[in-house]
Engineer: 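Structure incoming, see below.
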Amino acid sequence: MHIQWYPGHMAKAKRNIREDLKLVDLVIEVVDARCPESSRNPDVDSFAKEKSRILLLNKADLADKKETKRFASYYAKKGFYTMEIDARNKGSLKKLPSLIDEACQPLIEKNLKRGIKTPTIRAMVLGIPNVGKSTFINTYVGKAMAKTGNKPGVTRGNQWINVGKRLQLLDTPGITWPKFEREIVGLNLAMIGSINDQIINIDELVFYLLKYLVRYYPDALTNRYGETVTDDEEAIKVFDAIGKKRGCIKKGGDVDYSKTAKIILDDFRSGRLGNITLEHVPGGIDDEQDQSET
Ligand code: G4P
């Protein structure tokens, strides 16, 4: 199943983002820790080559902690300043101001030489839909959130927000990109709810999810559905068993896969299946395996 989702309004938003990047010192990209690589917009790498980059691995509360650590160090090696967060929880953002200072050190030093002790840092906040970008901004800025309205040079659609005296965030609409190069990216984004569900074949998507879970998280299936799963169990049998257990049966007695699929997907998205990460650090053995199975 090859998924693409890039509605017209996103192309327009992308042009605005590109334009407004000229105004910022720092790019803060919010990604979903359950699939950080899939939920990172590759366009940003080419647009924001010269900028300092912070990568917030959000929804870390839902991801596999071991994998999140691996991703954090992978991105740190690539030059990103990274942090694991749960955007709903202000405590998880406590270290962000010092991370922003670290990421903007060259700017701060340049200003110090000019006699400016505390320069205003301008940061663009980016993220594909549903990664928790709005939640992050609301939690970080809190009640003090002050939208500053239109400023010269800022394209319509993007919005400046003052965070105290030192930081200005430029909020942007959630966008994807024109072509997911790898099939697995579309599948992962569909699973985390970043793609409009209406264009997805949920049964097929969940079949793929089950294959992945049988392989990497069999205990999650056992714990949630009481199905003892062995590594070589066929995903379709698991699908069937869950359907029967949950009473998803059609009139003729067959399993209602669509109904079952919705239950499983909802369980995954809400974290009821436990802490799960959908992909592995690029270049590793597991990553190659994931690619060959889609
Ligand atoms: P967006 O701006 O990037 O599109 O995402 P948004 O903040 O609207 O968040 C999308 C959903 O993800 C929301 O749930 C939000 O509560 C949830 N969320 C955001 N950050 C985190 C996180 O770190 N951990 C977890 N577990 N959930 C997070 P929703 O069900 O769509 O809405 P709501 O009923 O919670 O408001």
Side-chain angles (χ1 to χ4, degrees), residues 3 5-7 9-10 12-14 16-17 20 27-44 53-65 67-69 71-72 75 82-96 99 123-143 145 147 157-161 163 169-177 185-186 188-200 202 209 217 220 224 262-278:
I3 300 168
W5 190 52
Y6 190 60
H9 72 271
M10 289 191 185
K12 188 161 177 261
K14 178 167 132 178
N16 291 346
I17 286 170
D20 286 349
V27 171
I28 300 176
E29 189 174 10
V30 183
V31 297
D32 190 314
R34 291 170 296 175
C35 55
E37 191 59 8
S38 294
S39 58
R40 220 161 68 70
N41 186 337
D43 283 344
V44 183
R53 304 273 299 273
I54 286 182
L55 208 57
L56 297 178
L57 303 169
N58 189 33
K59 306 201 184 186
D61 57 301
L62 298 173
D64 181 332
K65 293 186 175 25
E67 297 296 336
T68 306
K69 293 263 171 296
F71 272 107
Y75 290 122
T82 61
M83 234 176 93
E84 300 162 29
I85 64 166
D86 167 354
R88 299 163 311 165
N89 173 359
K90 201 168 171 93
S92 76
L93 302 174
K94 221 166 57 195
K95 291 189 179 148
L96 187 55
L99 193 71
M124 179 179 276
V125 185
L126 289 167
I128 66 167
N130 210 44
V131 288
K133 188 172 62 62
S134 314
T135 308
F136 158 67
I137 291 179
N138 287 333
T139 305
Y140 191 52
V141 181
K143 287 197 187 113
M145 182 149 111
K147 296 203 168 178
N158 295 342
Q159 177 76 57
W160 283 108
I161 300 159
V163 188
L169 296 180
L170 187 56
D171 190 13
T172 60
I175 59 166
T176 56
W177 56 101
V185 171
N188 285 342
L189 297 190
M191 283 191 277
I192 61 166
S194 289
I195 306 259
N196 186 347
D197 276 343
Q198 315 252 303
I199 67 152
I200 295 161
I202 302 279
L209 174 64
Y217 297 99
R224 180 72 192 153
K262 285 197 184 89
I263 292 176
I264 298 169
L265 189 58
D266 199 44
D267 283 348
F268 164 73
R269 286 179 177 170
S270 61
R272 285 191 291 271
L273 273 174
N275 289 71
I276 286 161
T277 296
L278 296 169

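The figures that follow rest on heavy atoms only: side chains count, while hydrogens, waters and symmetry mates do not. Read the numbers this way: they start at 1 and go in the same order the structure lists the ligands and their atoms.
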Engineer: Testing Ile128, Asn16, Ile17 for side chain to side chain contact (heavy atoms under 4.5 Å, CB included) with Ile175, which one passes?
Structural biologist: Ile17

Engineer: Are side-chain heavy atoms of Trp177 and Val44 found at a separation under 4.5 Å?
Structural biologist: no

Engineer: How about Thr277 and Phe71: do any of their side-chain heavy atoms sit closer than 4.5 Å?
Structural biologist: yes

Engineer: At a 4.0 angstrom heavy-atom cut-off, what protein residues surround ligand 1?
Structural biologist: Asn58, Lys59, Asp61, Leu62, Asp86, Ala87, Arg88, Ile128, Pro129, Asn130, Val131, Gly132, Lys133, Ser134, Thr135

Engineer: How far apart are the C-alpha atoms of Phe136 and Leu96, what are their side-chain angles, what is the distance that settles it, and do they pass the side-chain contact (heavy atoms from CB on, under 4.5 Å) test?
Structural biologist: CA-CA 11 Å; Phe136 158 67; Leu96 187 55; 3.6 Å; yes

Engineer: If you round to the nearest 0.5 Å, how far is CE of Met124 from CD of Glu29?
Structural biologist: 11.5 Å

Engineer: With the threshold set at 4.0 Å, does a side-chain nitrogen-carboxylate oxygen contact exist between Lys69 and Glu84?
Structural biologist: yes

